[in-house]
Amino acid sequence: MRQEQFVARYHAEWQALERWFAVRGDRARHARQTSDPTTLNDEDFPQRYRRLCQQLALARKRGYSPQLVAHLQQLMQQGHGVLYRTPPPRWRRALEFLLADFPLLVRGQARSMWVATALFVIPLLGSFTLIQWRPELVHLLMDNAQIASMERMYDPASPHLGRDSGTDWMMFGYYIMNNISIGLRTFASGLLAGLGTVLVLFFNGLTIGAAAGHLQHIGHGDPFWRFVVGHGAFELTAIVIAGGAGLQLGMKLLAPGRRRRVDALVEGGVIGAKLCLGIAAMLLIAAFIEAFWSSIAEVPAWGKYSVAAVLWTAVFVWLWRGGRGSGHAD
């Protein structure tokens, strides 16, 4: 085969590889797919790379021009650098997941997340408002021992804020176990056709709203809000995301579409498992803030609310913008 025929036959493949390298660069594994149908897909790259190596060997064997051989050699070296490069450290992959992949995944399940938000927030606001009007209704959701313990923890005269006793590290461990158990229960109950997640979100919102409403009504609102306003940014948001993960799992079970129900359920489980990793990280951060910052009674209200404003803003910006413009698909 003459060189002109060889170039004419394979030139389109070489151009596709060049565009792929230009678009992906060193982000080949995580870049978004472009709308150009002539651009190489990531999953096709290994096969194209092998073809390129064969074409380079043919060009050398047949004595084609040094310019052509050098061009193919350069493409081969670029491909080798992408295909056989050292994978990034685990800490870097974990950081990429938390900063980019997780918020992208949350936004990818936007419908479930908004439904979960409504199921949690509406009962919370409703019970809080209702308790201001009918304070005795708190006894329908909490027994006398729970109410007494709650009033004691948030008593304005108490030297502790938000807890009866316990060291910071001991409470840190307790908060981790308690928060993560709630998050996992909220997600896993989605296996009950989503109904379990609906009930968990609804009653958690109802109970939290009733507790906040009762404390506000009896004059313990200031210590309560100073305690919860900071870590709530991560804790409450994580519970809602866990609810969204559980709802999408339930929908895969109820409406698998054209796939087999078991296949749809496995897909929902994979999505949910990835979301749970981010949820666990959020609840770990929430537990740390709750143990070592929220419980400090000496910090005035303006200090607690200022830090809380930064935390809430950071969480919303992270979930809204995380992963955009980083070569990840949105």
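Keep in mind the model is a prediction, meaning the values are calculated, not measured.
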| said: Let's go through Trp169 and Phe292 carefully: what are the C-alpha distance in whole Å and the side-chain angles of both, what is the deciding distance for ring pair (Phe, Tyr, Trp, His ring centres under 6.0 Å) to 0.1 Å, and is it a yes or a no? | reply: CA-CA 8 Å; Trp169 282 106; Phe292 297 100; 4.9 Å; yes
| task | Test side-chain contact (heavy atoms from CB on, under 4.5 Å) on Leu277 and Leu98 and set out the steps. | result | CA-CA 9 Å; Leu277 290 175; Leu98 289 176; over 6 Å; no
| Does the side-chain contact (heavy atoms from CB on, under 4.5 Å) test come out yes or no for Leu206 and Leu141, once each step is laid out? | CA-CA 8 Å; Leu206 202 66; Leu141 297 171; 3.7 Å; yes
| request: Given side-chain contact (heavy atoms from CB on, under 4.5 Å), test Cys53 with Met76 step by step and report yes or no. | output: CA-CA 7 Å; Cys53 293; Met76 188 273 291; 3.8 Å; yes
| request: Output, in order, the C-alpha distance, side-chain angles, deciding distance and verdict of side-chain contact (heavy atoms from CB on, under 4.5 Å) for Gln55 and Phe6. | output: CA-CA 9 Å; Gln55 293 156 11; Phe6 182 81; 3.9 Å; yes
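Residues Leu104 and Arg107 approach most closely at CD2-NH2, 3.1 Å, considering heavy atoms. Here the closest non-hydrogen pair linking Gly244 and Ser112 is O-CB, 3.4 Å. Taking every heavy atom of both residues into account, Val299 and Trp293 meet most closely at CG1-CH2, 3.8 Å. Annotation for Ser189 and Gly196: closest pair OG-C, 3.3 Å, computed over non-hydrogen atoms. Minimum interatomic distance between Gly183 and Ala242 (heavy atoms only, all atoms of both residues): O-CB, 3.5 Å. Across all non-hydrogen atoms, the minimal contact from Arg226 to Ala301 is CD-CA, 3.6 Å.
Ile285 is not listed as a side-chain neighbour of Met282, based on a closest heavy-atom distance of 4.5 Å or more. Using a 4.5 Å heavy-atom threshold, the side chains of Gln216 and Trp225 count as touching. At a threshold of 4.5 Å between non-hydrogen side-chain atoms, the residues Asp263 and Pro256 do not count as touching. The side-chain heavy atoms of Leu311 and Val229, taken from C-beta on, include no pair separated by under 4.5 Å. Between His214 and Pro135, the closest side-chain pair of non-hydrogen atoms is not below 4.5 Å. A heavy-atom distance below 4.5 Å is found between the side chains of Phe102 and Leu319. Put simply, the side chain of Leu52 does not reach to within 4.5 Å of the side chain of Tyr10, judged on heavy atoms. Side chains of Met113 and Val240 form no contact here, defined as non-hydrogen atoms less than 4.5 Å apart.
Ile208 and Ile122 fall into different hydrophobic clusters, where Ile, Leu, Val, Met, Phe, Trp and Tyr residues are linked whenever their side-chain heavy atoms come under 4.5 Å apart, directly or through other members. Under the 4.5 Å side-chain heavy-atom criterion for ILVMFWY residues, no single connected hydrophobic cluster contains both Phe187 and Met251. Side-chain heavy atoms closer than 4.5 Å link hydrophobic residues (I, L, V, M, F, W, Y) into clusters, and following such links, possibly through other members, connects Leu56 to Leu58. Connection of Phe128 to Leu215 is established within a shared hydrophobic cluster, with ILVMFWY side chains joined at heavy-atom distances below 4.5 Å, either directly or through further cluster members. Val307 and Tyr175 are assigned to two separate hydrophobic clusters, defined by single-linkage of ILVMFWY side chains at heavy-atom distances under 4.5 Å.
Aromatic ring orientation, Phe288 versus Phe172: perpendicular (interplanar angle above 60°, classes split at 30° and 60°). Ring-plane geometry between Phe45 and Phe21 is classed as perpendicular, the angle between the planes exceeding 60 degrees on a 0 to 90 degree scale with a lower cut at 30. Ring orientation note: the planes of Phe224 and Tyr154 are nearly perpendicular, at an angle over 60° on the 30°/60° scale.
At distances below 3.5 Å, at least one donor-acceptor pair connects side-chain atoms of Ser127 with backbone N or O atoms of Leu124. A donor-acceptor contact shorter than 3.5 Å links the side chain of Lys304 to the backbone of Ser294. Proximity of a side-chain donor or acceptor of Ser181 to a complementary backbone N or O of Asn178 within less than 3.5 Å is detected. Under a 3.5 Å cut-off, the side chain of Asp155 and the backbone N or O of Glu151 do not form any donor-acceptor pair. With Thr197 contributing its side chain and Thr186 its backbone, the two residues share a donor-acceptor pair below 3.5 Å. Although no hydrogens or angles enter the test, the distance criterion places a donor-acceptor pair under 3.5 Å between the side chain of Gln248 and the main chain of Gly268. Side chain of Arg261 to backbone of Leu253: a donor-acceptor contact under 3.5 angstrom is found. No side-chain donor-acceptor contact under 3.5 Å links Arg48 to the backbone of Leu17. Between the side chain of Gln109 and the backbone N or O of Leu105, no donor-acceptor pair lies under 3.5 Å.
Between the side chains of Gln67 and His71, not a single donor N or O lies within less than 3.5 Å of an accepting N or O. For Glu18 and Gln78, the side-chain atoms include no donor-acceptor pair closer than 3.5 Å. Gln3 and Ser65 share a side-chain donor-acceptor pair at under 3.5 Å. A side-chain donor-acceptor contact under 3.5 Å links Arg60 and Gln73.
Counting non-hydrogen atoms of other residues, nucleotides and ligands closer than 6.0 Å to CZ of Arg9 gives a total of 12 or fewer. By the neighbour-count criterion of 12 heavy atoms within 6.0 Å, atom CD of Glu136 is densely surrounded, having more than that number from other residues, nucleotides or ligands.
Here the straight-line distance linking atom CH2 of Trp114 with atom CG of Leu119 works out to 13.5 Å at 0.5 Å rounding. Here Ile271 contributes atom CD1 and Cys276 contributes atom SG; the two are 12.0 Å apart, rounded to the nearest 0.5 Å. Distance CG/Leu72 to CD/Gln54: 12.5 Å, rounded to 0.5 Å. For the atom pair Arg93 CZ and Glu96 CD, the distance stands at 9.0 Å (nearest 0.5 Å). The NE2 atom of His11 sits 3.5 Å away from the CD atom of Gln15 when rounded to the nearest 0.5 Å. With rounding to the nearest 0.5 angstrom, the CG atom of Leu283 is 8.5 Å from the CG atom of Leu184.
The residue from Ile218, Thr207, Ile131 that alone fulfils the side chain to side chain contact (heavy atoms under 4.5 Å, CB included) condition with Val138 is Ile131.
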